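Remember, it's a predicted structure, so these values are computed and weren't measured experimentally. Below, read A as the first sequence line, B as the second, and so on, with proteins coming before strands; counting in each chain starts at 1.
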Amino acid sequence: MARKFIEKIVTANDLLQGDVIYFTKDNIWSRNHQDAIIAHTIEQANELLEKAEQQQDRIVGAYLSDVFLDEAQIASPLHFREIFRARGPSNYFHGKQTNI
Amino acid sequence: MYQYNQFDKHFVANRAKQFRSQVMRRLDGSLSEEEFRPLRLMNGLYLQLHAYMLRVAIPYGSLNSKQMHQLAYIANKYDKDYAHFTTRQNIQYNWPKLKDVPDILDDLAKVDMHAIQTSGNCIRNVTSDHFAGASIDEIADPRPSAELLRQYSTDHPQFQFLPRKFKIAISGSPNDRAVIKSHDIGLLMKYDESGNLGYEIYIGGGLGRSPFVGKLLKGFLPKADLLPYIEGIMVVYNLNGRRDNKYKARIKILVHENGIEKIKQEVEENFLIQKQNFKQPSDKLISAINERFKLPDFKQANIDNYKIELKQNAQFSNFIKNNISEHKNKDYSIISVSLKNIGETPGDATSKQMQILANLAKQYSHDELRISHEQNIILPHVHKSDLPKVFKELQKANLATNNIGLISDIIACPGMDYCSLATARSIPIAKQIAKHFNELNLEEEIGQLKLKISGCINACGHHHVGHIGILGLEKQGKESYQITLGGEENLSMNIGKRAGPGFSSDELLPAIKRLIEAYLSLRQNPDESFLASYKRLGEKPFINALYPKEEKANVA
Ligand code: HEM
Ligand code: SF4
């Protein structure tokens, strides 16, 4: 039996600032995890990644990241590394958490 | 203090200029990330989890007050007003913006500093004893040799594309404080029977994924032969090092796979070839280097005020007990300033703290500062009559934590709070452990103990050589921490042994508590350190303390 597909988003780091960004439905990048466009199939995921990777003058190192959807279909990162990336370091109040 | 020569100035300025144009070309799209990445890494610029990170070299960990002021200025102007000092005697900025990096490199060049060879498959920043030139147990100052190696290896065409990075450490004291046996090449200065100065040479040490203790390559090499001998080693490595597999490319694997005898023979052959036509540095250059590492003009002054303060001020005398080491000059002391303030990030200093340390160095330490591989800052030459004043200033700046060598003087790598290679966090673990034992006021009672934490198998936090080592891994989607025991980092270097299955982040502190409680109850007397007890008793009682339930299960 095929494993259930885990929803994915595309994330990268911003070329200029170096901070974490997420690919959105409008083909632009957001600093907010919630803005990310969600891939529901592997085909969608690969297509999104390919599109994202075309913006090399804006980003560094795009990749797919697993998410889970709550009842309102809002995506949160699954892996703890991605949770930290979406939040910032735990030793100082720096990075993304300052804008949340 | 060594001054960069014209060559360096020119080279560093040129590199900064080049990098500025490379950044422009990356930003306007004419360089792809694949093309740009090696160029930025050559200049010490990494991309981490939340931002870029710039690693700046502090050659053999020595710097003057002007340089420290500039590092503070950069932290304030381009970063978040702090910086991180690393186990490789470098400094890292965690939040620079790509567009600012060329300006930062220019600002560094103004004080003869740079980020060159802090990354890539070249000979990296040569590390050395942080008490070099000051310690009473020193045979010879290792820094002139380190500087000679730096000049020789910087931009050396043959050494830019080695199979893998290459790290050299040098100690001028038999009480090795530079962990020389964990480096690709470790040099120990010594005299032979006839009183000639030279080096004992170790090869193939390393931590990381496959840790090795460096093996003895040569019992004695006369001082003048250093460069041709190193070149002999590099030729053997360059030709035979495994380029097919990144994980097998370090010289430690070459030594391991071929055996030390074969390597010895090949190095010896190549050394003799190199020696024939080797273009030795001129006497003028050598004496210019030596001149710059001359001992400062030590002052003479009465130290009665120091003796009185010792009797009257308990905080002061506690600080002296833990943070002072013996100086060559009996009226002087070496101060280790702990960057392990309880509950804070190991190795971090604010711009303000860096400025204060720079001022103290200028006024009281003959303008010298050192960075230790244990992520602390050293004031190497402080006259005893000045110690009470310096202590007061340190106290005001929150820099007088008197825990050098104790359980809360933890080495920790940045781990998953910053590093993109990490498998788990290390900083919160370090903070938690330090805080716990500090609150119970147990640090002094526990005594000398080296606890070291890495956030992944690369072992930047030296966990393999911690008396207690902690390695952060991922297990079933959660952070998990493996404990190693009995590691040691001086000339009797030893790789710690894995104690058993890992602990979750919640289970880790209780496990460390059990381990320490076991030690306190098992030791023969309060003078027997954790490591000494471990060596005397073996691992069994300590492992039983870490895994009590399993012991019961076995009995049942
Ligand atoms: C955050 C960026 C960093 C990256 C990407 C990084 C990467 C690595 C890698 C890949 C290795 C393994 C090399 C090998 O075994 O071939 C390594 C080893 C090492 N790194 Fe780092 N590291 C980083 C930060 C640090 C920091 C902050 C320190 C000091 C606190 C440090 C000190 C060391 C040391 C001492 C070793 C082990 C010695 C050796 O065998 O070379 N690194 N690092
Ligand atoms: S040990 Fe791993 S997590 Fe820690 S700094 Fe090195 S590469 Fe990063």
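- With a 4.5 Å cut-off on non-hydrogen atoms, B:Tyr82 touches chain A through its side chain but not through its backbone.
- A distance of 6.5 Å separates CG in A:Leu15 from CD in B:Glu33, rounded to the nearest 0.5 Å.
- With a 4.5 angstrom heavy-atom cutoff, B:Arg26 touches chain A via backbone and side-chain atoms both.
- Between A:His94 and B:Trp95, the angle of the ring planes goes over 60°, which puts this pair in the perpendicular group of the 30/60° scheme.
- Heavy atoms of other residues, nucleotides or ligands lying less than 6.0 angstrom from CD of A:Glu50 number 12 at most.
- For B:Lys97, the NZ atom is densely surrounded, since the number of other residues' heavy atoms within 6.0 Å is greater than 12.
- Taking CG from B:Leu47 and CG from A:Asp19, the interatomic distance works out to 10.0 Å, rounded to the nearest 0.5 Å.
- Chain B forms more heavy-atom pairs under 4.5 Å with one residue of A:Asp14, A:Val20, A:Val60 than with any other, namely A:Val60.
- Note that CD of B:Glu479 is 5.0 Å distant from CZ of A:Phe80, once rounded to the nearest 0.5 Å.
- The structure places CG of B:Asp417 at 5.0 Å from CG of A:Asn91, a figure rounded to the nearest 0.5 Å.
- Sparse packing is recorded around NZ of B:Lys435, with 12 or fewer heavy atoms of other residues, nucleotides or ligands lying under 6.0 Å away.
- The distance from atom CZ of A:Arg87 to atom NE2 of B:His50, rounded to the nearest 0.5 Å, is 9.0 Å.
- Contact annotation for B:Lys431: only side-chain heavy atoms (C-beta onward) come within less than 4.5 Å of a heavy atom of chain A.
- The environment of B:Arg20 atom CZ is dense: over 12 non-hydrogen atoms of other residues, nucleotides or ligands sit within 6.0 angstrom.
- When heavy atoms are compared at a cutoff of 4.5 Å, B:Leu49 approaches chain A by way of both its backbone and its side chain.
- The backbone N or O of A:Leu16 lies less than 3.5 Å from no partner atom in the side chain of B:Tyr52, so there is not a single donor-acceptor pair.
- Neither the backbone nor the side chain of A:Leu78 comes within contact range of chain B; no heavy atoms are under 4.5 Å apart.
- Here the side chain of A:Arg81 pairs no donor or acceptor atom with the backbone of B:Ala422 at under 3.5 angstrom.
- Taking chain B as the reference chain and counting heavy-atom pairs below 4.5 Å, the highest number among A:Gly88, A:Gly95, A:Gly61 is found for A:Gly88.
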